[in-house]
Amino acid sequence: MAFMEKPPAGKVLLDDTVPLTAAIEASQSLQSHTIVRRYSDFDLLNNSLQIAGLSLPLPPKKLIGNMDREFIAERQKGLQNYLNVITTNHILSNCELVKKFLDPNNYSANYTEIALQQVSMFFRSEPKWEVVEPLKDIGWRIRKKYFLMKIKNQPKERLVLSWADLGPDKYLSDKDFQCLIKLLPSCLHPYIYRVTFATANESSALLIRTFNEKGTLKDLIYKAKPKDPFLKKYCNPKKIQGLELQQIKTYGRQILEVLKFLHDKGFPYGHLHASNVMLDGDTCRLLDLENSLLGLPSFYRSYFTQFRKINTLESVDVHCFGHLLYEMTYGRPPDSVPVDSFPPAPSMAVVAVLESTLSCDACKNGMPTVSRLLQMPLFSDVLLTTSEKPQFKIPTKLKEALRIAKECIEKRLIEEQKQIHQHRRLTRAQSHHGSEEERKKRKILARKKSKRSAIENSEEYSAKYSNSNNSGSGASSPLTSPSSPTPPSTAAALGWCKRYKGRAICITSTSSASTSTASSSLASCEHRGACAALTPGCEWCEPRGLAQLHPEFPKGNFEKNRNL
């Protein structure tokens with residue numbers, strides 16, 4: 001695609017900071033869309049990630065017996081653990097190698113080649129620039145590439161060109177977007193790294209800045225070389241050591257000043273981290289103002305999307321400043337956020353600022369403002385000496401466009417936080433109901449319900465049987481079975497049940513005219529308002545007189561059975 005060519009209408013703008021998780025499943029039980037990877041693919045990924053200097057727990061290879069069921073189950077657990085380690089590492093989970101491994105459909109393009117094509121088209125209209133070499137993987141973004149440049153008539157001066165694709169938060173119109181990108185070289189501030197040249201089209205932007213041999217603030221903290229790949233520089237530093245207290249105070253004050261300047265201008269930022277702060281002597285200068293115009297997601301987005309109170313770009317900047325301050329103080333990023341307890345710091349004033357931006361209370365209740373941080377003891381006594389006057393004139397029409405775009409960015413952030421919150425609640429509920437204790441409770445409840453249902457069915461059956469007997473046994477006709485014709489003088493069945501001290505005793509009496517004998521069967525059951533277990537021929541009856549029972553029933557037998 002040419003540099004000035006419009007992007008395809010159906011192009012999807014992906015958020016590369018969305019964390020990916022992976023679960024190993026047996027191939028026989030696949031029920032959803034997934035990817036199929038062989039062990040050799042894992043081995044190739046592991047070899048590619050060795051540049052990070054981390055010891056990753058990839059299960060060893062086995063040549064003989066690698067089809068045994070026990071070995072396959074053990075390897076499955078090992079590969080799952082391997083993926084868990086990768087996806088929980090903030091830097092590894094965002095790198096291109098891992099994204100392509102876990103999501104090849106959305107990350108199949110060669111972005112270095114695309115960037116080279118775009119830059120080549122640009123140089124056709126700007127012949128004074130010349131590419132010296134590509135700076136491969138010096139940044140963390142997948143769709144942002146860097147090239148070392150020079151001016152033909154000034155061959156000794158080195159510059160760096162950055163090309164970036166559009167992101168999911170690009171809400172500016174094409175015209176406003178291009179105007180604001182071209183406005184960036186006019187931004188003058190003592191703590192903003194100046195842009196030498198900037199241009200844009202409908203699908204990407206290209207900016208040129210002076211190359212700094214000292215590198216960024218992150219390079220200073222990690223003692224890294226600026227031209228090395230991002231994974232090599234920052235994944236596993238050889239020496240962990242924070243900055244001195246005076247450096248922390250000075251750099252922190254300078255960064256807060258430029259954030260306040262941008263907030264007052266209504267210019268959204270949201271991309272503060274140590275790699276976006278360039279060092280120029282003892283001065284910090286902010287980089288990549290164009291990221292918010294391009295709609296690119298923040299480096300720390302996977303952190304602040306977990307907290308619904310961090311829902312504005314100003315609060316995002318303050319939270320990201322907390323991450324930066326932690327890194328300057330301890331020489332490494334926090335293991336997790338929110339931070340429950342902070343290690344010993346050079347000053348308690350540093351801990352106070354960290355608690356206001358990274359603690360549990362801060363993440364739940366909201367971030368302080370930049371003005372509030374500037375008034376805290378750590379920064380209030382820092383004196384800044386600079387003669388350069390800030391200048392950044394934004395036309396009123398573009399200010400309105402920036403305000404609308406900022407509202408849209410914050411709206412998408414709030415929607416994503418809401419979805420994450422709902423997903424977290426659902427996951428907790430599923431985990432709770434899937435626990436062993438809950439399963440036992442559900443089994444007990446199911447048994448009780450089954451017993452209650454059986455009792456209710458028995459009561460219903462006994463009531464129906466009683467009604468059928470009462471309707472079928474009149475004063476002039478004896479009890480007979482329609483299926484087996486019996487003379488009127490044959491046996492008649494009567495039932496009588498009597499309550500006795502909370503128990504129900506069912507008595508069944510059968511009399512015969514030929515033998516004049518009586519047989520009784522006793523059935524005892526727990527009384528629940530009706531007879532729970534009735535033997536055949538037994539029904540629930542209220543006590544009645546002899547005339548109400550049956551005219552042919554012998555009085556002597558009845559008196560005997562009643563006494564019994």
Side-chain angles (χ1 to χ4, degrees), residues 1-16 96 99-100 106-187 193-212 227 229-230 271 276 287-297 398 401 405:
M1 184 172 66
F3 178 68
M4 298 304 293
E5 186 180 347
K6 290 187 177 181
K11 182 179 180 181
V12 179
L13 302 178
L14 293 177
D15 186 347
D16 297 329
E96 185 176 358
K99 293 284 187 180
K100 283 188 174 182
N106 289 320
Y107 294 93
S108 58
N110 188 334
Y111 299 106
T112 304
E113 197 172 300
I114 295 173
L116 279 170
Q117 293 175 0
Q118 299 274 2
V119 172
S120 300
M121 294 298 296
F122 161 73
F123 283 130
R124 291 182 183 179
S125 59
E126 296 287 342
K128 69 174 184 177
W129 309 98
E130 184 178 339
V131 176
V132 177
E133 61 176 334
L135 300 173
K136 192 176 181 181
D137 300 330
I138 66 168
W140 69 276
R141 291 192 185 276
I142 298 174
R143 293 177 174 86
K144 192 167 189 177
K145 301 300 176 182
Y146 299 87
F147 302 88
L148 194 63
M149 308 286 297
K150 70 177 181 179
I151 305 175
K152 289 184 178 179
N153 56 3
Q154 298 176 4
K156 292 185 178 180
E157 186 179 358
R158 290 290 181 266
L159 302 105
V160 60
L161 180 148
S162 62
W163 171 88
D165 202 357
L166 298 179
D169 282 326
K170 193 263 183 183
Y171 296 104
L172 293 166
S173 66
D174 293 340
K175 183 179 178 181
D176 293 339
F177 168 65
Q178 294 178 31
C179 289
L180 283 166
I181 289 291
K182 293 177 181 179
L183 200 65
L184 291 178
S186 65
C187 178
Y193 202 68
R194 187 167 183 182
V195 177
T196 304
F197 177 84
T199 187
N201 63 6
E202 293 85 354
S203 64
S204 61
L206 183 150
L207 291 90
I208 298 177
R209 297 178 175 90
T210 304
F211 180 72
N212 190 343
K227 291 184 180 181
F230 196 84
H271 294 272
N276 273 352
L287 281 170
D288 290 356
L289 297 186
E290 70 275 10
N291 284 355
S292 58
L293 306 179
L294 284 158
L296 302 179
L398 293 180

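Bear in mind that the values here come from a model prediction, so they are computed numbers and not experimental data.
- Within the 3.5 Å criterion, the main-chain N or O of L172 finds a donor-acceptor partner in the side chain of K170.
- Atom CD in E157 sits 5.0 Å away from atom CD1 in I151 (nearest 0.5 Å).
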Task: K150 vs K156, side-chain contact (heavy atoms from CB on, under 4.5 Å): CA-CA, chis, key distance, verdict - done: CA-CA 7 Å; K150 70 177 181 179; K156 292 185 178 180; over 6 Å; no
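- Taken to the nearest 0.5 Å, the CG atom of L180 stands 4.5 Å off from the CG atom of L398.
- Residues meeting the side chain to side chain donor-acceptor pair (under 3.5 Å) test with D176, sequence neighbours left out: S173.
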- [ ] Take Y111 and R141 through the test side-chain contact (heavy atoms from CB on, under 4.5 Å) and record every step on the way to the result.
- [x] CA-CA 11 Å; Y111 299 106; R141 291 192 185 276; over 6 Å; no
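- With contacts defined as side-chain heavy-atom distances shorter than 4.5 Å, the pair N153/K128 does not qualify.
- Rounding to the nearest 0.5 Å places CD of E290 at 6.5 Å from CG of L184.
- Considering all non-hydrogen atoms of both residues, S120 and L116 come closest at OG-O, 2.7 Å.
- Using a 4.5 Å heavy-atom threshold, the side chains of T112 and P134 count as separate.
- Screening N291, I138, D165 for a side-chain contact (heavy atoms from CB on, under 4.5 Å) involving K144 leaves a single residue, N291.
- By the 4.5 Å heavy-atom criterion applied to side chains, F211 and V132 are not counted as neighbours.
- Heavy atoms from other residues, nucleotides or ligands lying under 6.0 Å from CD of Q154 number more than 12.
- Looking only at distances, a side-chain donor or acceptor of Y193 sits under 3.5 Å from a matching main-chain atom of T210.
- You'll find the side chain of S204 stays beyond 4.5 Å of the side chain of R143, heavy atoms only.
- The two residues G139 and F230 have their closest heavy-atom pair at O-CB, 3.7 Å.
- Checked by atom type and distance alone, the side chain of D288 never pairs as donor or acceptor with a backbone atom of H271 at under 3.5 Å.
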TODO: Before giving the answer on ring pair (Phe, Tyr, Trp, His ring centres under 6.0 Å), spell out for F197 and F122 the whole-Å C-alpha distance, their side-chain angles and the decisive distance to 0.1 Å.
DONE: CA-CA 12 Å; F197 177 84; F122 161 73; 5.5 Å; yes
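- The shortest non-hydrogen separation linking K182 to A198 is CG-O, 3.9 Å.
- With a 4.5 Å cut-off on side-chain heavy atoms, L206 and Q118 do not count as touching.
- Here the closest heavy-atom approach between residue W163 and residue I114 is recorded as CH2-CG2, 4.0 Å.
- Take K100 and apply the side chain to side chain donor-acceptor pair (under 3.5 Å) test, not counting sequence neighbours, and it matches E96.
- Considering all non-hydrogen atoms of both residues, S203 and L166 come closest at O-CG, 3.2 Å.
- Distance check: I142 CD1 to K99 NZ gives 6.0 Å after rounding to the nearest 0.5 Å.
- The closest side-chain heavy-atom distance from V119 to K145 is not below 4.5 Å.
- Under the 4.5 Å side-chain criterion, counting only non-hydrogen atoms from C-beta, T199 is not in contact with E126.
- Nearest heavy-atom pair across L294 and A205 is CD2-CB, 3.7 Å.
- Taking the side chain as every heavy atom from C-beta outward, W129 and L161 never approach each other to under 4.5 Å.
- Proximity of a side-chain donor or acceptor of K152 to a complementary backbone N or O of E130 within less than 3.5 Å is not detected.
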